[in-house]
**Q** 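Shown below is the structure under consideration.
Position 1 is the first residue of the sequence, and the numbers go up from there.
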Amino acid sequence: MSNAKPMDYKKRLKDLRVDSDITQAQIADVLCVKQTTISNYEHGKRQYKIEDLVKLCKFYNVSPEYVLGFTNEYKSLSEMK
């Protein structure tokens with residue numbers, strides 16, 4: 001078993017957002033929440049709702065396994081089929 005610590009999903013989602021040059025306000029629009037909610041998610045003050053995680057996987061076109069840190073291999077949703 002590996003001793004490597006899995007990537008925190010909140011950090012992974014923030015990294016996806018930043019790497020895509022997307023603002024917190026833009027993600028807030030996608031999730032129909034306020035920008036402060038996204039900030040609270042990213043700083044660990046609130047937990048993402050499962051529905052929001054699903055929306056973000058679809059938005060970024062990335063596998064839930066990657067977002068949740070079960071793998072470091074980036075796979076698009078279309079590659080999973």
Side-chain angles (χ1 to χ4, degrees):
M1 186 186 277
S2 172
N3 289 333
K5 184 178 177 185
M7 162 84 68
D8 177 63
Y9 77 95
K10 293 177 289 298
K11 176 160 179 16
R12 181 143 285 165
L13 286 169
K14 180 179 179 180
D15 290 347
L16 283 167
R17 180 183 63 74
V18 171
D19 291 346
S20 300
D21 293 325
I22 297 172
T23 66
Q24 287 183 346
Q26 290 170 306
I27 292 301
D29 287 344
V30 169
L31 299 181
C32 300
V33 297
K34 295 180 181 180
Q35 178 273 324
T36 54
T37 300
I38 302 304
S39 178
N40 287 334
Y41 285 161
E42 290 184 357
H43 289 96
K45 295 178 182 176
R46 292 184 68 174
Q47 297 294 316
Y48 281 90
K49 292 189 247 175
I50 190 70
E51 297 87 4
D52 291 343
L53 289 172
V54 170
K55 284 181 189 177
L56 291 174
C57 287
K58 290 178 181 178
F59 178 80
Y60 291 118
N61 189 32
V62 65
S63 73
E65 291 86 358
Y66 178 77
V67 168
L68 295 175
F70 290 110
T71 182
N72 288 323
E73 182 182 350
Y74 181 96
K75 279 191 173 181
S76 69
L77 292 173
S78 58
E79 288 178 295
M80 294 178 57
K81 294 180 182 176

**Q** Report the distance from atom CG of Leu53 to atom OH of Tyr48, rounding to the nearest 0.5 Å.
**A** 7.5 Å
**Q** Between OG of Ser63 and CD of Glu73, what distance do you get to the nearest 0.5 Å?
**A**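 These two atoms lie 8.5 Å from each other.
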**Q** Would you give the length of the straight line joining atom CZ of Arg12 to atom CZ of Arg17, rounded to the nearest 0.5 angstrom?
**A** 15.5 Å
**Q** Going only through I, L, V, M, F, W and Y residues with side-chain contacts under 4.5 Å, is there a path from Val18 to Val62?
**A**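 Shared cluster, no.
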**Q** Can you list, pair by pair, the side-chain donor-acceptor contacts under 3.5 Å of residues 25-37, counting residues two or more places apart and other chains?
**A**
from: Gln26; atom 1: OE1; to: Thr23; atom 2: N; distance (Å): 2.7
from: Gln26; atom 1: OE1; to: Thr23; atom 2: OG1; distance (Å): 3.3
from: Gln35; atom 1: NE2; to: Gln24; atom 2: OE1; distance (Å): 2.3

**Q** Rounded to the nearest 0.5 Å, what's the gap from NZ on Lys58 to CG on Asn61? Could you check?
**A**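 With rounding to 0.5 Å, NZ (Lys58) is 11.5 Å from CG (Asn61).
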**Q** Just verifying a value: how many Å separate Asp15 CG and Glu42 CD, rounded to the nearest 0.5 Å?
**A** 9.0 Å
**Q** Kindly determine whether Tyr74 and Leu16 satisfy side-chain contact (heavy atoms from CB on, under 4.5 Å), including the steps that lead there.
**A** CA-CA 11 Å; Tyr74 181 96; Leu16 283 167; 4.1 Å; yes
**Q** Can you check whether Ile22's main-chain N or O pairs, donor with acceptor, with Ser20's side chain at less than 3.5 Å?
**A** no
**Q** Just verifying a value: how many Å separate Gln47 CD and Tyr9 OH, rounded to the nearest 0.5 Å?
**A** 4.0 Å
